[in-house]
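Following: one structure in structure tokens, then a few remarks.
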Amino acid sequence: MTELKTLFTPQKIGSVEIKNRIVRSATFEHRAEKYGYVGQKILDFYSELALGGTGLIITGFTAIDPSGTGSPYQLRLDNDSYIPGHKKLVYMVHNQSDAKLAIQIVHLGRQCEHPKYPPIAPSPIPEKTTGLTPKELSVEEIYELVKKFKETSIRAYECGYDMVQLHASHGYLLSNFVSPYTNKRKDEFGGSIKNMARILVEIFHQTRDELGKKFPITIKLQTEDSVPGGLTLETSSKIAEILAETGYEAIEPSGGIYESQLTNSNTYPCKIVKSTEDENYFLPTAKVIKPLIKKSKLILVGGIKNPVSAEKILINKHADFISLCRPLIYEPDLPNRWKSGDISPAKCISCNSCLVQMRIGPVYCVTKQNLEKKKQN
Ligand SMILES: Cc1cc2nc3c(=O)[nH]c(=O)nc-3n(C[C@H](O)[C@H](O)[C@H](O)COP(=O)(O)O)c2cc1C
């Protein structure tokens with residue numbers, strides 16, 4: 001029988017030990033109570049994941065400010081009224097399992113379509129899917145946002161989260177800074193690669209100064225925009241190097257923005273995977289970034305379904321962790337299944353029915369539900 005030895009060997013992110021190499025990639029649950037509070041629907045969803053054997057669970061994107069939300073049912077932690085709910089969530093996960101819990105924090109930036117707040121971005125480049133032009137941020141406003149990311153991280157620490165992940169991918173605010181497509185600034189936050197990375201470096205230092213080394217700071221990093229004139233790996237690999245030198249304890253490379261879909265319906269971050277050749281689609285990216293980020297851990301996401309090939313990726317040191325989103329929507333207990341010796345690939349067919357569902361209500365696998373209905377009839 002094939003052994004999945006490395007997949008089930010503990011590994012650290014900063015000072016935090018994760019029991020295995022399986023990460024639940026951030027997944028918008030669409031299950032918070034109205035205005036972003038943790039309620040029973042969120043608790044039930046995370047309980048299933050915690051009991052399913054995942055080593056590190058990353059929450060769905062959680063807002064640092066009301067102006068940066070994408071839905072009233074998205075988690076928030078932008079003020080202290082959210083702390084009791086998050087404390088309950090963290091307590092439940094830690095009490096039910098030995099899984100670690102990270103919070104992903106976000107501002108939707110250029111892609112925000114809030115009825116009350118205009119979208120914001122480093123530069124006022126019109127967004128073609130929303131039809132809105134974001135307001136260009138002043139330097140003072142950028143530092144205000146840096147403070148908000150820091151303050152949300154402090155609240156997360158107070159709630160007992162094991163670490164934080166900044167969402168700097170998928171065309172949201174932080175990724176807008178690292179992309180030449182959305183950042184045309186000529187001041188300290190634009191122009192050179194160092195300036196484009198500055199907001200991420202600032203957030204890191206301000207948060208680290210407050211919370212110290214025991215609370216790892218990690219990042220989901222945009223590596224490719226997949227639009228003409230957008231960010232490419234040549235630049236993003238240099239940004240990853242800067243972030244690792246700064247001290248980010250883990251980097252999860254990803255890519256794609258809303259506008260990528262306009263020219264290619266099957267693009268990042270959620271590619272439809274039709275064959276084994278389509279799997280592990282950020283592996284070529286990881287191979288470029290991993291040697292550059294030295295002490296930082298690389299979390300590989302994107303179309304990972306086969307535990308044998310995941311084991312190989314880990315053995316070959318192309319990544320330190322593998323990260324799953326859609327497969328865990330279908331099978332929240334997938335890590336336990338693999339650990340028990342049933343090493344058949346994830347049942348998820350990466351069809352994106354969950355992604356379509358997530359836009360209208362609580363996320364679940366529509367394909368799985370249809371299959372179950374058929375069986376019953
Ligand atoms: C329903 C759904 C919700 C998602 N929500 C988030 C999110 O909140 N934050 C994030 O960084 N990525 C989000 N993603 C992207 C995933 O984290 C992941 O990068 C992508 O699905 C590729 O991984 P997979 O092939 O294992 O699904 C979401 C994807 C799906 C399908």
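What you see is a predicted model, and the numbers here were worked out from it, not measured in a lab. Both counts, for ligands and for their atoms, begin at 1 and track the order of listing.
Under 4.0 Å is where a charged nitrogen must lie from a carboxylate oxygen, and between R198 and E188 no such pair does. Between K184 and E136 there is no salt bridge, since no side-chain N of the basic residue sits under 4.0 Å from a carboxylate O of the acidic one. Between D78 and K148 there is no salt bridge, since no side-chain N of the basic residue sits under 4.0 Å from a carboxylate O of the acidic one.
Counting protein heavy atoms only, atom 26 (O) of ligand 1 is closest to C325 N, 2.9 Å. The nearest protein atom to atom 23 (O) of ligand 1, hydrogens excluded, is given as V301 CG2, 3.5 Å; this is a heavy-atom distance. Looking from atom 11 (O) of ligand 1 to the surrounding protein, the closest heavy atom is Q104 NE2, 2.9 Å. In terms of protein heavy-atom proximity, atom 8 (O) of ligand 1 is closest to F61 N, 3.1 Å. Remark: minimum distance from atom 19 (O) of ligand 1 to any protein heavy atom is reached at K220 NZ, 3.0 Å. In this structure, atom 6 (C) of ligand 1 lies nearest to the protein heavy atom A26 O, 3.1 Å.
Applying the 4.0 Å criterion to heavy atoms of F28 picks out, from ligand 1, the atoms 3 (C), 4 (C), 5 (N), 6 (C), 7 (C), 8 (O). Each of the following atoms of ligand 1 lies closer than 4.0 Å to a heavy atom of V363: 1 (C). Residue contact check: C270 has heavy atoms under 4.0 Å from atoms 20 (C), 21 (O), 29 (C), 31 (C) of ligand 1. For ligand 1, the atoms lying closer than 4.0 Å to a non-hydrogen atom of L324 are 26 (O). Of all the atoms in ligand 1, the ones that sit under 4.0 Å from a non-hydrogen atom of M358 are 1 (C), 2 (C), 3 (C). Near G303, meaning under 4.0 Å from one of its heavy atoms, ligand 1 places the atoms 24 (P), 25 (O). Each of the following atoms of ligand 1 lies closer than 4.0 Å to a heavy atom of P269: 20 (C), 22 (C). Those atoms of ligand 1 that come under 4.0 Å of a heavy atom in P327, given as number and element, are 26 (O).
There is a side-chain donor-acceptor pair under 3.5 Å between E252 and S323. With 3.5 Å as the limit, one finds a donor-acceptor pair spanning the side chains of Q96 and S47. Checking D342 against S340 by side-chain atom types alone, no donor-acceptor pair falls below 3.5 Å. Side-chain polar atoms of E210 and Y157 form no donor-acceptor pair below 3.5 angstrom.
At least one heavy atom of G302 lies less than 4.0 angstrom from ligand 1. Residue contacts with ligand 1 include H170, since one of its heavy atoms falls under 4.0 Å from the ligand.
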Quick one, K290 with D320, criterion salt bridge (Lys or Arg N to Asp or Glu O under 4.0 Å). Give me CA distance, side-chain angles, the key distance, then yes/no. CA-CA 9 Å; K290 176 79 173 126; D320 301 288; 2.9 Å; yes
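Neither the backbone nor the side chain of Q357 comes within contact range of ligand 1; no heavy atom lies under 4.0 Å.
Taking distance alone, with nitrogen or oxygen atoms compared against 3.5 Å, R326 approaches ligand 1 more closely than that limit. Between H167 and ligand 1, a contact under 3.5 Å exists for at least one N or O pair.
Under the 3.5 Å distance criterion, the side-chain polar atoms of Q11 are left unmatched by any main-chain donor or acceptor of R21. Between the side chain of R326 and the backbone N or O of S353, no donor-acceptor pair lies under 3.5 Å.
For atom 22 (C) of ligand 1, the nearest non-hydrogen atom from the set Y281, Y268, Y330 comes from Y281.
In this structure, I64 CD1 and F149 CZ are separated by 4.0 Å, a value rounded to the nearest 0.5 Å.
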